[in-house]
Amino acid sequence: MISAFVLESVLTCPHCGFNKEETMPMDACQFYYECSHCKALLRPKLGDCCVFCSFGSVRCPPIQQHWCCG
Ligand SMILES: [Zn+2]
């Protein structure tokens with residue numbers, strides 16, 4: 001059921017507080033994300049599989065479907 005997923009997530013940079021809406025990949029975890037404002041390279045917090053789970057407003061699609069790497 002592809003339509004059930006939320007693919008838009010608002011990432012908040014922990015360094016500068018900049019918000020940006022990004023589209024998440026459907027079937028993969030994104031490990032790195034470069035803040036477009038301060039250029040900080042974000043990585044997931046311990047226990048999270050991707051930057052969207054750590055810094056996004058919505059958890060990643062694999063988590064939403066409960067088959068993520070975690
Ligand atoms: Zn930033």
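Whatever order the structure lists ligands and atoms in, that order sets their numbers, starting from 1. In this text, all values refer to a predicted model and were calculated from it rather than measured experimentally.
Grouping Ile, Leu, Val, Met, Phe, Trp and Tyr residues whose side-chain heavy atoms lie under 4.5 Å apart, directly or via other members, places Tyr32 in a hydrophobic cluster with Phe31, Leu41.
The structure places SG of Cys29 at 10.5 Å from CE of Met24, a figure rounded to the nearest 0.5 Å.
Closest heavy-atom contact between Val58 and Glu8: CG2-O, 3.6 Å.
Judged purely by atom type and a 3.5 angstrom limit, Ser9 uses its side chain to pair as donor or acceptor with the backbone of Ser57.
Of all protein N/O/S atoms, those under 2.8 Å from the Zn ion (ligand 1) are Cys13 SG, Cys16 SG, Cys35 SG, Cys38 SG, and waters are not counted.
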* To do: Might you work through the side chain to side chain contact (heavy atoms under 4.5 Å, CB included) test for Leu42 and Glu34, ending with a clear yes or no?
  => CA-CA 6 Å; Leu42 309 185; Glu34 187 188 85; over 6 Å; no

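Side-chain contact between Cys53 and Pro44: absent, with no pair of heavy atoms (C-beta onward) separated by less than 4.5 Å.
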